[in-house]
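Working notes, beginning with the structure itself.
In listed order, ligands and their atoms are each counted from 1. The model shown is predicted, which means the values in this text are computed figures rather than measured ones.
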Amino acid sequence: MTARTGRGPRRRVYSFGAGKADGRSSMREVLGGKGANLAEMTRIGLPVPPGFTISTEVCAEFEAAGGRVPRQLAGEVAKALRRVERIMDARFGDAERPLLVSVRSGARVSMPGMMDTVLNLGLNDRTVEGLAAQADARFAWDSYRRFVQMYADVVLGVSMERFEHRLESLKERRRVRLDTEIGADDWRRLVGEYFALVEEHTDRPFPQEPSEQLWGAIAAVFRSWKTPRAVTYRKLNRIPEAWGTAVNVQAMVFGNMGDDCATGVAFTRDPSTGARLFYGEYLKNAQGEDVVAGIRTPQPLARENRAPEQAHLPTLEEEMPRAYRELSRIRSTLEKHYCDMQDVEFTIQSGRLWMLQTRNGKRTARAAVKIAVDMAREGLITREQAITRVDADSLEQLLHPTLDPEADKRVIAKGLPASPGAANGSVVFSADSAEAKAKAGEKVVLVRIETSPEDIHGMHAAEGILTARGGMTSHAAVVARGMGKSCVVGCGALQISYERGEFRVDDRVVRAGDEITIDGSTGEVILGRVATVTPELGREFAELMRWSDAVRRLEVRTNADTPHDAKVAREFGAQGIGLCRTEHMFFEEERILAVREMILATDEAQRALALEKLLPMQRGDFVGIFRAMEGLPVTIRLLDPPLHEFLPHEEEGILEVARALGADVAAVRARIEERSEFNPMLGHRGCRVGITFPEIYRMQVRAIAEAACQVAESGVKVRPEIMIPLVSHVGELERLRALVEQEVQRVLGQSRGARVKIAIGTMIEVPRASLVADEIARYADFFSFGTNDMTQMTYALSRDDAGKFLPAYIEAGILTDDPFVSIDRDGIGALVRIGVERGRKTRPDLKVGICGEHGGDPKSVRFCDEAGLDYVSCSPFRVPVARLAAAQAAIAAKSRRRAPRARGARR
Ligand code: PEP
Ligand code: MG
């Protein structure tokens, strides 16, 4: 927020209505997303009830003044309110033609359900009669009791439950199920009871004066920016605290005035699959909150999106064809205007359609890809825009398992398929228990009657979410989709009892702790754990990847140690292996004994014997990998970890090695003891092992070269690259390069003329190596930045222990990202840049990549592009993420190059 010190912002209130607006969609920083789009919709001629937006800057003023609205606001609000009165031909507080308003929050980015709203504001004992005269008494008193309930909850802090309790007992007394079955007199009496409740709790009568109500609501919305649930949501979604919320005050329109009224929400395309369907739901004779609250089951908007289980429900298209046709026209106007899928709220009052909100719709990763590609094909956006529309990180969701269609499954119920993917786990009934169990390592499915913003932490912790109530736009559905979690909602067959910790479906009882599976793509709820399969990626995904490949500069390789992983990565589009960690091969069960013999050997002869056992195994590994990566580069790193990591600690393992070596158990134990180190990560590891035990590296090089010859001789192209880890001094690489070259020459000399060229390079992971990269480059054909170790060593942050305290750093705002996830541009990034620059000074054609975990993180990929690296290497499932992120980075670079030219041209 940019409230100026002293006088504050020049303007605090922005009006909209009757085709004119002070704001526009580009002003979301000041007006919040909702306010900016209300202004924009008004500008483009859509039917929007008039109103005004109090800017986010006032939120900062409000906080700075200790929770008081600035004095100067009063005049601006009064003026804007008069304009609304004129357009609506009604007056705030007027007994005959009362203007009623809604007061809603609206931050820069949507925070669904996190902040507060008050509807029907302006009602009091006099205006309610005016409303009754205009509409009918039942409606007027129902609106009044809704208002009192909401206002008391949001503004006066009287818990909603107390009101709900009174309402429920009224319904019981009248033996009715729905609010719509309650008459005017009963509502009137209930309002009286509500007043008594308010007075009991606040020691003051309920405020009758509309302007007092308005200022109370405005302050409450500003306050709601700071509620714990909003703060948690912002933390999870990395939304800056300083942004603040705007307040939107808008003339009320009513969807609950009778059977020619309705209220609903719609997506201009299917937010789950991305299909070009008009997708949404509505409730007849209801107010907006009723749709989202999930108390009544909403009806589908159009015939095309009616699910089989909704076959009995009429659609808006059938019930109110005129309003539906207008809404359809608006759907296409909005898509053409915003060039993106929109999520809208609308109300139909006495047959007349009003638009209450539009915003870019949240969508699953699958839908994001389809919508972006389809819109580019439809000519709404360019291919480059399509590439930037998809959150690269979210692509991983698409690669996750779905239910195995062949697996047996006992479907016990079916709800609405709210967010795709399959999830299984044990049942929990509360967010707290979801969090606690997930922390203890248990997979859980959170089962709730419906979710609310208080459940966010539990939803985060759970594998999937299942609710008994709610539609496709209910809280659970929207939030789960955003999180990429499997979710089934509105599963009415579930009878949930929190007290008993169980749910029933007919006679079947499922208790907390029992395992279930949910399928967020079909809505099925299944007993037990069902097998899953990796999904096929759609045509649009392949298309998006092709477009990305056409624009990216960075090559994308993978970190893979087995032929299987190599194949998976290749299918995902990896252009080579950037890191094959050979130590993983050493841990395999039948090899570990030979590895231990090699390490604990007392003389060279003994060690040679052990290495001879390992050689054919290593050769076999490399043959498999070379074949899987035919024609593509494969970077194999020589042994890296401290040797003691391979040694046995239990008695049985020690005995086994002693037997194999024909040595005394006590002597073996003593040798193990000798190998232990105080600081193993800075100890006898990486190339230091190669320097002290050259025969180990020689065996590995021999295995690589022999495998390469063998594969090449069979007609398969191989491109091996041998990488030396943990180099910090040029002397290390000079010596080890000579060793590698010598061994390679020896093997090639013995081969039957295999045409194999092996590059030799090094990891740059010790900070010193970056600083002396010009020297090191004399002996390296390539560099690969090992940013995991580089982060550890530069930050003095243990890779294995940082988890205990790093979250506190992020919580406290000292760090915004975990530096092991997203590269620290300022520190580690600077070292990378120095390494690249100095290395290329010596060897301009030096190939440079990254193989730390950062290679699959979109922000870090962007950094790598900027720093001029040639490739990134990441885990197989992140390869598509990196391909897209690399394309996005290239597009960003292009627009940066263009920007200064454009500025120059203006001058
Ligand atoms: C690194 O340090 O960044 C790296 C890739 O190597 P490892 O994670 O195996 O230490
Ligand atoms: Mg390393």
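Rounded to 10 degrees, the OD2-metal-OE1 angle spanning D789 and E765 at the Mg ion (ligand 2) equals 100°.
Residue P819 is tested with I823, D817, L815, V821 for a side chain to side chain contact (heavy atoms under 4.5 Å, CB included); the sole match is L815.
Heavy atoms of N788 found under 4.0 angstrom from ligand 1 belong to the backbone as well as the side chain. Residue contacts with ligand 1, taken as heavy atom pairs separated by less than 4.0 Å, do not involve N559 at all. Contact annotation: for R581 versus ligand 1, heavy atoms closer than 4.0 Å belong to the side chain alone.
Heavy-atom distances between M790 and ligand 1 stay at or above 4.0 Å for every pair.
Put simply, D640 stays out of reach of the Mg ion (ligand 2), with no N, O or S atom under 2.8 Å from it.
On a distance-only criterion, E583 and ligand 1 share no N/O pair closer than 3.5 Å. Of the polar atoms of R685, none of the N or O atoms is found under 3.5 Å from an N or O of ligand 1, judged by distance alone.
Put simply, CD1 on I850 and CZ on F785 are 8.5 Å apart, with the number rounded to the nearest 0.5 Å. To the nearest 0.5 angstrom, F782 atom CZ is 8.5 Å from I722 atom CD1.
With Y871 as the aromatic partner, R557 meets the cation-pi criteria of under 6.0 angstrom to the ring centre and within 45 degrees of the ring axis.
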